Amino acid sequence: MKKLKNKELDIVFSKKDDKDILEGIEYIKLGYLHDVIIASKDSIFKTQELTLENIENQIIYVPRIYAQAVARLKHLTQGKNLKLKNSSYKTILELASSGNALGLITREYIDEKDYKKFNLVEVKTSIDLGEVEFGIYINSNKFKELNILIKLIKEYFKIN
């Protein structure tokens, strides 16, 4: 977002961040994404409903620490001291598939083949990760090509 605000970028796809309202930046809603906790089909977590109490001492592999999914998890767990370990998505899938770890991912970033390949399931949780609005952020420096791209994106997502 900083690069967008500094006009180093013209467009950014992102989950909506209500806390970071940027002056001179336009936001266009495209839909929703879903943050979920995953585990191996063979793990003890697959049949449990995770609560703050039973994940407080459990390592959870998460994407970039500054990612909005991680910020939401921290917010929803009310400042609990969770053991979060930063990893790439592929590493999160591999570690969760071991049966001894949990992973935090955005469901739409992973396809069904990955769930099958890594033997993963989404874990029920009392932490309401729910859905998150996502869209595009555009700086005020619009030009012809950017307007064409925005039009194509809106058509793809059927946005008026």
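The shown structure was predicted, so the numbers you read here are calculated from the model rather than taken from an experiment.
Heavy-atom minimum distance, Ile28 versus Lys154: CD1-CE, 3.7 Å. Of all heavy-atom pairs spanning Ser43 and Ala39, the tightest one is OG-CB, 3.5 Å. A pairwise comparison of heavy atoms in Val121 and Ser40 identifies CG2-O, 4.2 Å as the closest pair. The two atoms that bring Leu104 and Ala69 nearest to each other are CD2-O, 3.7 Å, heavy atoms only. In plain terms, the two heavy atoms of Thr77 and Leu82 that are nearest each other are OG1-CD1, 3.6 Å. Ser126 and Thr51 make their closest contact through OG-CA, 3.4 Å (heavy atoms, listed as atom of the first residue, atom of the second, distance).
A distance of 6.0 Å separates CG in Leu9 from NZ in Lys3, rounded to the nearest 0.5 Å. Rounded to the nearest 0.5 Å, atoms CG (Asn119) and OG (Ser98) are 11.0 Å apart. Interatomic distance, Thr125 OG1 to Phe45 CZ, rounded to the nearest 0.5 Å: 11.5 Å. Here the straight-line distance linking atom NZ of Lys83 with atom CD of Gln58 works out to 8.5 Å at 0.5 Å rounding. Here the CG atom belonging to Leu4 is positioned 10.0 Å from the OG atom belonging to Ser14, to the nearest 0.5 angstrom. For the atom pair Ile105 CD1 and Ile110 CD1, the distance stands at 5.0 Å (nearest 0.5 Å).
Hydrophobic clustering places Ile136 together with Phe143 (ILVMFWY residues linked when any side-chain heavy atoms are closer than 4.5 Å, directly or through intermediates). Both Leu149 and Tyr156 sit in one connected hydrophobic cluster of ILVMFWY residues. Membership requires side-chain heavy atoms under 4.5 Å apart, directly or through other members. Note: the hydrophobic cluster containing Leu95 also contains Tyr109 (ILVMFWY, side chain heavy atoms under 4.5 Å, direct or indirect links). Note on Val123 and Val132: separate hydrophobic clusters, where clusters join Ile, Leu, Val, Met, Phe, Trp and Tyr whose side-chain heavy atoms are under 4.5 Å apart, directly or indirectly. A chain of hydrophobic side-chain contacts below 4.5 Å, direct or via other Ile, Leu, Val, Met, Phe, Trp or Tyr residues, connects Tyr27 to Ile25.
Between Ile138 and Leu146, the closest side-chain pair of non-hydrogen atoms falls below 4.5 Å. Inter-residue side-chain proximity for Leu120 and Asp114 is flagged as unmet; no heavy-atom pair is nearer than 4.5 Å. With contacts defined as side-chain heavy-atom distances shorter than 4.5 Å, the pair Ile55/Ile127 qualifies. Leu50 is listed as a side-chain neighbour of Ile37, based on a closest heavy-atom distance under 4.5 Å. For the pair Ser87 and Val62, the minimum side-chain heavy-atom distance is 4.5 Å or more. At least one side-chain heavy atom of Lys16 sits under 4.5 Å from a side-chain heavy atom of Tyr137.
Arg64 is linked by a side chain to side chain contact (heavy atoms under 4.5 Å, CB included) to Tyr66, Ala67, Asn86, counting only residues two or more places apart in sequence or in another chain. For the salt bridge (Lys or Arg N to Asp or Glu O under 4.0 Å) test, residues two or more places apart in sequence or in another chain that qualify with Glu26 are Lys142.
Between Arg107 and Glu122 there is a salt bridge, since a side-chain N of the basic residue sits under 4.0 Å from a carboxylate O of the acidic one. One finds no salt bridge joining Glu112 and Lys116 here, because no Lys/Arg side-chain nitrogen approaches an Asp/Glu carboxylate oxygen to under 4.0 Å.
The local environment of CG in Asp111 is crowded, with over 12 non-hydrogen atoms from other residues, nucleotides or ligands closer than 6.0 Å. Other residues, nucleotides and ligands contribute only 12 or fewer heavy atoms inside 6.0 Å of the NZ atom of Lys117.
Checking Glu131, Gln68, Lys15 one by one against Asp35, the side-chain contact (heavy atoms from CB on, under 4.5 Å) holds for a single residue, Lys15.
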Kindly determine whether Gln48 and Asn54 satisfy side chain to side chain contact (heavy atoms under 4.5 Å, CB included), including the steps that lead there. CA-CA 9 Å; Gln48 298 179 20; Asn54 64 6; 3.3 Å; yes
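Put simply, the side chain of Asn6 never gets that close to the backbone of Glu8: no donor and acceptor are under 3.5 Å apart.
Ring centroids of Tyr89 and Tyr61 are separated by 6.0 Å or more, keeping the two rings apart.
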